[in-house]
Amino acid sequence: MKITSRKFALMALSAALLLSGCKTMDIQTAVQHTGNLARSFSQDVTPQQEQKMGDDSAALLLGSAPLVKNAALQRYVNQVGQWIAGQTGRNDIEWRFGVLETNNVNAFAAPAGYIFVTKGLLQRLNDESELAGILAHEIGHVLKGHYVQSMLKKDRAAALGGLATSIAQSQGKGKGEIGGALVNVSRGVYSSGLDKDDEYQADRIGVVLAARAGYDPFGLPRVLQMYAVSTGQSGFELLFSTHPGADERLEKLATAMGDKFDRLESGSLKNTAAFSRQRAAVGGPRH
Amino acid sequence: MILSRLITTLMVASLGVGVAWAENATLTRASDLKAKPFTDAPTVISLPEQSKVQIVGNEGGWTQIRSADGKTGWVRLLNVRPDSKGDSGAGVGKGIASLGNVVRTGTTGSTATTGVKGISQDDLSRATPNFQELKRMNENKVSSREGERYASSNRLKARNVDYLEAADGPTKAN
C-alpha cells in the first residue's frame, strides 16, 4: 500500500513536472518532495499532527460537555489514570484525564493521551477497579492509535491538514463558527464510533493494564455486565450506538481471558477510600 | 402516594448503583454453583450451559445468581450473560428508554434529562470546540511520580501481566 502510494505519487509528480515544463526544480528536490508526499499517504502521522488531532478532538468533547467543577475529583482521576498509564511504558505520551459534566454514560479517548469519563458513568460505578478498567480501556485506544486511524480513514486530508484552521480557532479567530475541517472529522468519528475490533482490542488491553496496576482485573467485565443490563435506559444512547453489544464484548473477553486472571484476584485491590469519597461527591445517578 | 414515593426513594438509595439487579441471564458455559465466591468453596450444584438464572449481584470475578430451582450461589462472572430486553441497544427509541426508567424507579418526576447539556449525537453536532476548557484539563495533569505516590499510599503494587491475544483470530493481535 505504502509502496503503491509512493510510486503513484512519483508518477503523478513526474507527470506534473513534465506538463508544467518546470525546470527550476532539480531531481533532488523532486525526490524530497515526493518523499514527503509519500509519507503523508502512509498510516503514520507526526507527533505534531497527532497532538493537533488530540487537541481539537478533546476541545470538541469539552465543547459538548465541560469538566465537572471539582478540582479534587479531577485530580483524583488524574492520579489513578497516571498510575495505570505508567504500566504501558509509554512515558512519551502526555496522559491527561478528565470527568465530563454530563449525565450521559460514556468514556472517550482522544489522540495524544486525552482520556475522558462522564459523570453519568462515574455515578454508576461501585469501586476503583471498575474505574481503572474503564480508564485502561481508553488508554488502550490511545496506545493503538485507534482514533488517529479512524480520523485518517474518515478524511485523510482534513485530518492531516487541519493545522491552520485550528490555530485560528485557538486564537479566537473564527469565533462563533462551528469548527474547522479537522474538528468536523473528529465530530464524525465521535458520533459514529470506532471499529468493533478496536473496541475488543481496547477491552483486552484494559483488563491487562488494570491488572498490571494492581487492580481487580474483573472491574471492566463488571462494567460491561452493568452495560448489558442497562439496555434501553436513557443516557446510554451514544455509548450503545457506537460500541458493539456488551454481550459480545463480554463473550470476546471471556474467550481471550480464559482463567488466566482468576489467580490474580486474591492479591488485587478493589476499592479505595478516595474512590468512595469522590463517588459520593458526584451524587447518585439520575433516573 | 407520599409513602410510596418515600419507599421508592429509599429503594433507589439503597441500591446505590444504576443497575437494578435480579436480571434474567443465561449461562454461556457449564458452571459450578459455588457456596462462596472462591474457587475452592464447596459446589452447591453443577449447572449446564444455557441454564436460565437470575443475577443477584457481583463480587470481584464472581456473579451471585439464583438458579431456576431456587438455589443461590456464585458462578464465574464471565460465564453469565444478561438476557437482552428485545433490543440490542443501538438506536433505542427515546420513548422506550424513558419507559424503562419509569419501570425501574417507579417515579416519573426525575426521568427527564432532555435539555441537559451532554454528549449525545445531537450535542456533538452542535458543539463548538472549547479551548479554554482544554487548557484547564491540561493544567490538571499530574506527574507520573504523583501517580506512583497515589499507588503506594493505597498499597497498589505493579505486576507483570502479558498482553492478551484475540482468541478468535489474528485480526488485532496486541
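First the proteins, then the strands, lettered A, B, ... as listed; each starts at 1.
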First locate atom OG of B:Ser120, then atom CG of A:Asn106, and finally report the distance between them rounded to the nearest 0.5 Å. 10.5 Å

Side chain from CB out, backbone as N, CA, C, O: work out which of these in A:Asp259 comes under 4.5 Å of a heavy atom of chain B, or both, or neither. neither

Answer key: most heavy-atom pairs under 4.5 Å with chain A among B:Lys135, B:Lys157, B:Met137 is B:Met137

Contacting moiety of A:Glu130, where chain B heavy atoms sit under 4.5 Å: neither

From A:Leu61, A:Leu238, A:Asn104, residue fulfilling side chain to side chain contact (heavy atoms under 4.5 Å, CB included) relative to B:Asp123: A:Asn104

Ignoring hydrogens, what is the shortest heavy-atom contact between A:Ala254 and B:Arg29? Give both atom names and the distance. CB-NH2, 3.6 Å

Among the listed options B:Thr28, B:Asn138, B:Asn160, the residue most often paired with chain A at heavy-atom distances under 4.5 Å: B:Asn138

d(B:Gln121 CD, A:Glu237 CD) to nearest 0.5 Å is 10.0 Å

Examine distances only and state if a side-chain atom of B:Arg136 and a backbone atom of A:Pro66 form a donor-acceptor pair shorter than 3.5 Å. no

Using non-hydrogen atoms and a 4.5 Å limit, figure out which bit of A:Leu224 sits close to chain B: side chain, backbone, both or neither. neither

What is the distance from atom NZ of A:Lys270 to atom CD of B:Glu59, rounded to the nearest 0.5 Å? 4.0 Å

Output yes when a side-chain donor or acceptor of A:Gln82 lies under 3.5 Å from a complementary backbone atom of B:Ser143, and no otherwise. no

Examine whether an atom of A:Lys260 lies under 4.5 Å from a heavy atom of chain B, and if so say whether it belongs to the side chain, the backbone or both; otherwise answer neither. side chain

If you measure from CD on B:Glu165 to CD on A:Gln201, what distance do you get to the nearest 0.5 Å? 10.0 Å

Side-chain donor-acceptor contact under 3.5 Å, A:Arg96 with B:Asn140: no

Using heavy-atom distances under 4.5 Å, tell me whether A:Phe97 contacts chain B through its side chain, its backbone, both, or neither. backbone

Is B:Arg76 positioned over the aromatic face of A:Phe218, cation under 6.0 angstrom from the ring centre and no more than 45 degrees off axis? yes

Does A:Glu265 use its side chain to pair, donor to acceptor, with the backbone of B:Gly61 at less than 3.5 Å? yes

Please determine whether side-chain contact (heavy atoms from CB on, under 4.5 Å) holds for the pair B:Ile119 and A:Phe108, giving the CA-CA distance in whole Å, both sets of side-chain angles, and the decisive distance to 0.1 Å. CA-CA 11 Å; B:Ile119 301 196; A:Phe108 307 92; 3.5 Å; yes

Quick one: pull up CG in A:Leu60 and CG in B:Leu134 and give me the separation to the nearest 0.5 Å. 11.0 Å

Are any side-chain N or O atoms of B:Arg81 and backbone N or O atoms of A:Ala228, one a donor and one an acceptor, separated by less than 3.5 Å? no

Should B:Tyr163 and A:Arg212 be marked as a side-chain contact (heavy atoms from CB on, under 4.5 Å) after you check the CA-CA gap, both sets of side-chain angles, and the distance that decides it? CA-CA 10 Å; B:Tyr163 279 122; A:Arg212 282 186 187 175; 3.5 Å; yes

Which atom names give the shortest non-hydrogen contact between B:Leu77 and A:Pro221, and what distance separates them? CD2-CB, 3.5 Å

Less than 4.5 Å to any heavy atom of chain B: does that hold for the side chain of A:Gln79, its backbone, both, or neither? both

Examine whether an atom of B:Arg149 lies under 4.5 Å from a heavy atom of chain A, and if so say whether it belongs to the side chain, the backbone or both; otherwise answer neither. neither

Are A:Leu209 and B:Val161 packed together at the side-chain level, in the sense that at least one heavy-atom pair is separated by less than 4.5 angstrom? no

Shortest non-hydrogen separation from B:Arg159 to A:Leu264 and the atoms involved: NH1-O, 3.1 Å

Top residue by heavy-atom pair count (under 4.5 Å) with chain B, among A:Asp262, A:Ile84, A:Asp216, A:Leu253? A:Asp262

Where do A:Gln87 and B:Ala158 come nearest, in terms of heavy atoms and distance? OE1-CB, 3.5 Å

Toward chain B, the part of A:Glu128 with a non-hydrogen atom under 4.5 Å: side chain

Under 4.5 Å from any heavy atom of chain B, what part of A:Ile115 do you find: side chain, backbone, both or neither? backbone

With side-chain contact (heavy atoms from CB on, under 4.5 Å) as the test, would you mind laying out the steps for B:Phe131 and A:Asp56 before giving the verdict? CA-CA 8 Å; B:Phe131 287 97; A:Asp56 277 21; 3.5 Å; yes

How far does CG of A:Leu269 sit from CG of B:Leu156, to the nearest 0.5 angstrom? 4.5 Å

Counting only heavy atoms closer than 4.5 Å, note whether A:Ala58 contacts chain B via side chain, backbone, both or neither. both

Bottom line for B:Glu139: the part with an atom under 4.5 Å from chain A's heavy atoms is neither

Within a 6.0 Å radius of atom CD on B:Glu49, are there more than 12 heavy atoms belonging to other residues, nucleotides or ligands? yes

Under 4.5 Å heavy-atom distance to chain B, tell me which part of A:Thr242 shows up: side chain, backbone, both or neither. neither

Any donor-acceptor pair under 3.5 Å linking the side chain of A:Ser64 with the backbone of B:Gly118? yes

Is there a side-chain contact between B:Ile55 and A:Gln225 (heavy atoms, below 4.5 Å)? yes

Taking every non-hydrogen pair under 4.5 Å, which of A:Tyr190, A:Tyr215, A:Trp95 racks up the most with chain B? A:Tyr215

Search all heavy atoms of A:Arg204 against all heavy atoms of B:Leu164 and return the closest pair with its distance. NE-O, 3.5 Å

Contact part of A:Asp55 toward chain B, heavy-atom cut-off under 4.5 Å: side chain, backbone, both or neither? both

Which atoms of B:Thr63 come close to chain A, meaning under 4.5 Å heavy atom to heavy atom: side chain ones, backbone ones, both, or neither? side chain

Identify which part of A:Phe261 has an atom lying under 4.5 Å from any heavy atom of chain B, answering side chain, backbone, both or neither. side chain

With a 4.5 Å cut-off on side-chain heavy atoms, are B:Asp162 and A:Val208 touching? no

In terms of heavy-atom proximity below 4.5 Å to chain B, should A:Leu239 be classed as side chain, backbone, both, or neither? neither

